[in-house]
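Right, one structure below, let's go through it.
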Amino acid sequence: MKIGVYYSPKTVATSTLEKPSIKDNEALVKVSYAGICGTDMMIYSGQHPRAKAPLIMGHEFSGTVDEIGEGHDFQKGDRVIVEPILNCGKCAACKAGQIHVCASLKYIGIDKDGGFTEFSSIPVDRLRRLPDNVSDEDAALTEPLAVAIHTVRRSSLKVGDTVAILGAGPIGLLIGLIAKEAGAGDIFISDVSPYRLKVATEMGFTAINDANESIVKEVRSHTRNVGADVVFEVAGNQITADQMIDCIKFQGQIVVVSVYKKAPVVNLAAMHFREISLITTRCYSPDDFTKAIKLLEQKTFDVNPLISHILPLDEFEKGFQLMENPESSLKILFHP
Ligand SMILES: NC(=O)c1ccc[n+]([C@@H]2O[C@H](COP(=O)([O-])OP(=O)(O)OC[C@H]3O[C@@H](n4cnc5c(N)ncnc54)[C@H](O)[C@@H]3O)[C@@H](O)[C@H]2O)c1
Ligand SMILES: [Zn+2]
Ligand SMILES: [Zn+2]
């Protein structure tokens with residue numbers, strides 16, 4: 001079978017491998033579409049703390065059950081989505097039912113081979129059934145959508161709230177869609193990529209190019225200098241870590257979604273006088289994942305405009321090169 005492999009920092013290539021064999025608790029999934037995520041880019045750049053080469057990355061993928069043993073709820077031909085979290089089941093977080101903050105959380109596609117391949121062996125309990133009316137393509141966005149759902153549900157967002165989203169990457173845009181669904185009023189979103197801002201505008205958000213305007217100024221001028229009720233930091237750099245404090249209203253809530261490559265300085269002194277709260281978020285719960293599938297099934301909104309490219313595994317390297325430039329890519333899917 002054809003595979004896409006991470007060999008070393010900035011070195012990925014198409015290769016071949018024997019089809020994996022499956023254990024009793026596993027299914028062989030024929031991958032339909034697999035998305036490149038920011039985390040895959042972190043691995044690609046050699047900055048991921050756990051991922052070890054050679055690795056078949058990819059944790060955002062849909063597929064069809066190709067082989068499975070007896071006694072499972074799935075059978076050959078079932079369309080599925082993979083829920084890629086692997087928790088230990090033993091730590092305090094797992095025992096408390098908060099498996100997404102497991103002390104030794106692992107991921108299919110990061111800690112073991114994932115979805116950039118024709119076939120992947122997946123524990124059956126990591127499979128979710130795909131509703132008939134959700135396309136294989138859209139289904140590949142279930143995982144990032146679950147991140148957005150978890151983020152907004154963890155936030156204090158209330159109907160009519162003014163929201164500022166720093167970063168119009170796939171996660172920022174999906175947070176915008178979910179915030180809108182949750183009843184947000186004005187939604188401001190910033191980026192430095194005109195291409196991504198154009199997609200944000202088409203989705204109905206007020207898009208601000210932070211290369212020549214300022215989201216802080218824009219939000220303040222639209223709120224009589226009060227600020228946004230909720231700010232989502234989804235760009236992951238020092239500039240936005242400063243802006244999240246400058247945009248927020250007194251007693252507002254900052255939600256940090258970003259995984260920082262370099263730890264930013266957060267000005268706590270500038271937060272104190274306005275009683276600002278700050279929360280962080282990680283992944284999603286099983287219930288968030290269920291809700292992501294449900295929203296895709298209900299066609300509540302269209303995630304398809306997020307998909308900028310669909311490439312065969314033969315163009316594996318090209319996918320990563322495209323993804324390095326936010327000006328020409330958003331969500332890139334491989335179609336093995
Ligand atoms: N909490 C979680 O579980 C979780 C899950 C997935 C992703 N993440 C993190 O969320 C972040 C966003 O993910 P993504 O996949 O959308 O990544 P991304 O890199 O595609 O998006 C980040 C965006 O920020 C933009 N940006 C850069 N500088 C900016 C600035 N000064 N102002 C405004 N925008 C700016 C970039 O152009 C880019 O479009 C990443 O840090 C990622 O690691 C967290
Ligand atoms: Zn991801
Ligand atoms: Zn655990």
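Order of listing sets the numbers, starting from 1, for every ligand and every atom in it. Side chains included, hydrogens not; waters and symmetry mates left out as well; all remaining heavy atoms used.
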_Pair His222 + Phe188: ring centers closer than 6.0 Å_ = yes

*asked:* Please tell me whether Gln321 and Tyr44 have a donor and an acceptor in their side chains that are separated by less than 3.5 angstrom.
replied: no

*Can you spot which of Val65, Ile68, Asp24 makes a side-chain contact (heavy atoms from CB on, under 4.5 Å) with Val124?*
Ile68

*Compute whether any side-chain donor of one residue and acceptor of the other, for Thr290 and Asp287, lie under 3.5 angstrom apart.*
no

_Metal site the Zn ion (ligand 3), protein N/O/S atoms found under 2.8 Å_ = 4

*Would a line drawn from the ring center of Phe316 to the ring center of Phe334 be shorter than 6.0 Å?*
yes

_Does either side chain, that of Ser135 or that of Glu137, offer a donor lying less than 3.5 Å from an acceptor on the other one?_
no

*Between Phe289 and Arg128, is there a cation-pi geometry (under 6.0 Å to ring centre, at most 45° from the normal)?*
no

Give me the pairs of N or O atoms, one from ligand 1 and one from the protein, that sit under 3.5 Å apart.
residue  : atom   : partner : partner atom : Å
ligand 1 : 1 (N)  : Val257  : O            : 3.1
ligand 1 : 1 (N)  : Thr281  : O            : 2.9
ligand 1 : 3 (O)  : Cys283  : N            : 2.7
ligand 1 : 16 (O) : Pro170  : N            : 3.2
ligand 1 : 16 (O) : Ile171  : N            : 3.0
ligand 1 : 20 (O) : Arg196  : NH1          : 2.8
ligand 1 : 28 (N) : Asn237  : ND2          : 3.0
ligand 1 : 37 (O) : Asp191  : OD1          : 2.7
ligand 1 : 39 (O) : Asp191  : OD1          : 3.3
ligand 1 : 39 (O) : Asp191  : OD2          : 2.6
ligand 1 : 39 (O) : Arg196  : NH1          : 2.9
ligand 1 : 41 (O) : Val259  : N            : 3.1

_Between Thr11 and Ser8, a side-chain donor and acceptor under 3.5 Å_ = yes

_Holding to side-chain hydrogen bond (donor to acceptor under 3.5 Å, both in side chains), I want the full list of residues that pass it with Gln253, two or more places apart in sequence or in another chain._
Ser156

*Would Glu143 and Tyr284 count as having a side-chain donor-acceptor pair, cut-off 3.5 Å?*
yes

*asked:* As a quick check of understanding, evaluate salt bridge (Lys or Arg N to Asp or Glu O under 4.0 Å) for Arg196 and Asp191, giving each step before the final call.
replied: CA-CA 7 Å; Arg196 290 178 171 209; Asp191 206 288; 5.1 Å; no

_Passing option when Ile165 is tested against Ile187, Leu173, Val257, Ile171 for side-chain contact (heavy atoms from CB on, under 4.5 Å)_ = Ile187

*Protein N, O or S atoms lying under 2.8 Å from the Zn ion (ligand 2), listed by chain and number*: Cys37 SG, His59 NE2, Glu60 OE2

*Going by atom types alone, do Asp242 and Asn267 pair a side-chain donor with an acceptor below 3.5 Å?*
no

